[in-house]
Amino acid sequence: MSKKQNIFNTLEKRHHVLRYKDKNVEDDLLAKLLFKAWKISPSKNNFMPYTVNVLGPGDKRKELIYHKVVGNHKYYDAKGLKTNSTANPTMKVKYNFAPNPSYLHVLENSHLIVVASRVCPEPNLFYQEKVALEGHYAEQCEKSMVRDIAESTSYEVGLFSQALTALCIEQGIDVSYCACLPKNESKWMDTPWLWYDEGLAKVHAIMSIGYGDYYRCQWLKEHGKYGRDRKPPLQDVVKWR
């Protein structure tokens, strides 16, 4: 079996966790996986302009992050109630807000990872020469550029997350993602450990880690909805131009 096939088979095992087992991933093991993910993740100019913040077992800050996710869900539900389009028609029943159980993994896990922007202190030696001799601009070192490079930073965060996911799955560890998070930086005023500047935080991704006990795919099968929750066709996504 080729390496390419092994990678496919590994990543195909990932499923969204609705409930983790009451069993923690050892810190030493996770530290090794984080090192390997750091080692193999590419980065523009080798800056890695983000911080991978790890909250371990029992960390109460997980509750704060969870409530931000739920609050963001409620915010978008409110937008939906004001919309009447083909994709988002007006609701036919009375609206009652309830937190999505798919978000519980943010609260109940072994480790929670929150990835946010950082301002890099200086370029490495190679790019210091580029700046001095060729006028190269190291935008990753400027606070004023954090918003401008947010898209490329998020792309890099995705690469790191995918690398860490594969490494975790190889060890029998499950991983879930959450993108339902506040986009407005003012919503992160109470998390100074995520700030890139005084009172400012740009959060890119949330990722939970642990040993899965019950998965979303199981719930879908049990409720007869598995075949209804599919990705769009390949040809809608991949375009040969």
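Atom CG of Asp22 has 12 or fewer neighbouring heavy atoms from other residues, nucleotides or ligands inside a 6.0 Å radius. Annotation: Lys239, atom NZ; neighbour count of heavy atoms from other residues, nucleotides and ligands within 6.0 Å is above 12. Atom OH of Tyr75 has 12 or fewer neighbouring heavy atoms from other residues, nucleotides or ligands inside a 6.0 Å radius. Residue-environment remark: NZ (Lys183) exceeds the threshold of 12 foreign heavy atoms within 6.0 Å. Within a 6.0 Å radius of CE in Met91, more than 12 heavy atoms belonging to other residues, nucleotides or ligands are found.
In this structure a side-chain-to-backbone donor-acceptor pair under 3.5 Å is missing from Thr10 to Ala166. Under the 3.5 Å distance criterion, the side-chain polar atoms of Lys62 are matched with a main-chain donor or acceptor of Gly56. Although no hydrogens or angles enter the test, the distance criterion places a donor-acceptor pair under 3.5 Å between the side chain of Asn124 and the main chain of Phe126. Checked by atom type and distance alone, the side chain of Trp219 never pairs as donor or acceptor with a backbone atom of Tyr214 at under 3.5 Å.
For the side-chain contact (heavy atoms from CB on, under 4.5 Å) criterion with Ile209, the lone passing option out of Asp174, Asn24, Ile173 is Ile173. Exactly one of Arg228, Arg230, Glu222, His223 qualifies for a side-chain contact (heavy atoms from CB on, under 4.5 Å) with Tyr226. That residue is Arg230. With Asp213 as the partner, the salt bridge (charged side-chain N to carboxylate O under 4.0 Å, His left out) test is satisfied by one option alone out of Arg19, Lys23, Lys21: Arg19.
Remark: Asn88 engages no residue in a side-chain hydrogen bond (donor to acceptor under 3.5 Å, both in side chains) (not counting sequence neighbours). Residues satisfying the salt bridge (Lys or Arg N to Asp or Glu O under 4.0 Å) criterion with Lys130, sequence neighbours excluded, are Glu134.
Ring-plane geometry between Tyr215 and His15 is classed as perpendicular, the angle between the planes exceeding 60 degrees on a 0 to 90 degree scale with a lower cut at 30. The aromatic rings of Phe35 and Trp38 are tilted relative to each other, their planes meeting at an angle between 30° and 60°.
Both Val54 and Leu33 belong to a common hydrophobic cluster when Ile, Leu, Val, Met, Phe, Trp and Tyr are linked at side-chain heavy-atom distances under 4.5 angstrom. Ile65 is connected to Val70 through a chain of hydrophobic side-chain contacts under 4.5 Å among Ile, Leu, Val, Met, Phe, Trp and Tyr, so both are in one cluster. Transitive grouping of hydrophobic side chains (ILVMFWY, heavy atoms separated by less than 4.5 Å) brings Tyr50 and Leu34 into a common cluster. Val106 and Trp193 fall within the same hydrophobic cluster, defined by Ile, Leu, Val, Met, Phe, Trp and Tyr side-chain heavy atoms under 4.5 Å apart, directly or through other members. Note on Val175: it clusters hydrophobically with Val157, by side-chain heavy-atom contacts below 4.5 Å among ILVMFWY residues.
Here the straight-line distance linking atom SG of Cys217 with atom NE2 of His16 works out to 10.5 Å at 0.5 Å rounding. Note that SG of Cys168 and NE2 of His111 are 10.5 Å apart. Values are rounded to the nearest 0.5 Å. The distance from atom CG of Asn109 to atom CE of Met207, rounded to the nearest 0.5 Å, is 11.5 Å. Distance check: Cys141 SG to Arg118 CZ gives 8.5 Å after rounding to the nearest 0.5 Å. Atom CD of Glu170 and atom CD1 of Ile7 lie 8.5 Å apart (nearest 0.5 Å). For the atom pair Lys74 NZ and Asn72 CG, the distance stands at 12.5 Å (nearest 0.5 Å).
Between Glu198 and Lys143 there is no salt bridge, since no side-chain N of the basic residue sits under 4.0 Å from a carboxylate O of the acidic one.
Among pairs with a residue in residues 199-211, those fulfilling side chain to side chain donor-acceptor pair (under 3.5 Å) read Tyr20-Ser208, His105-Ser208, Ser117-His204, Ser154-His204, at least two apart in sequence or across chains.
No side-chain heavy atom of Val119 sits under 4.5 Å from any side-chain heavy atom of Pro49. Residues Leu181 and Val114 form no side-chain contact, since every pair of their non-hydrogen atoms from C-beta on lies 4.5 Å or further apart. Using a 4.5 Å cut-off on side-chain heavy atoms (C-beta onward), Leu200 and Arg147 make contact. When side chains are defined from C-beta on, Glu129 does not count as touching Tyr127, because their heavy atoms never get closer than 4.5 Å. No side-chain heavy atom of Asp59 sits less than 4.5 Å from a side-chain heavy atom of Leu112. The shortest distance between side-chain heavy atoms of Ile149 and Gln140 falls below 4.5 Å. Between Ile113 and Leu164 the shortest side-chain heavy-atom distance falls below 4.5 Å. Considering only heavy atoms from C-beta on, Arg216 comes within 4.5 Å of Asp229 through its side chain.
Residues Lys187 and Pro182 share a closest heavy-atom pair of CB-CB, 3.5 Å. Of all heavy-atom pairs spanning Cys178 and Val69, the tightest one is SG-CG1, 3.7 Å. Considering every non-hydrogen atom in both Ala37 and Leu167, the closest pair reads N-CD1, 3.4 Å. For Ser161 against Tyr177, the heavy-atom pair with the smallest separation is O-OH, 4.2 Å. When all heavy atoms of Tyr66 and Pro99 are compared, the closest pair comes out as OH-CB, 3.9 Å. Considering all non-hydrogen atoms of both residues, Glu156 and Lys44 come closest at OE2-N, 2.9 Å.
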Q: Tell me, with the steps shown, if Leu81 and Tyr95 meet side-chain contact (heavy atoms from CB on, under 4.5 Å).
A: CA-CA 8 Å; Leu81 292 172; Tyr95 171 78; 3.7 Å; yes
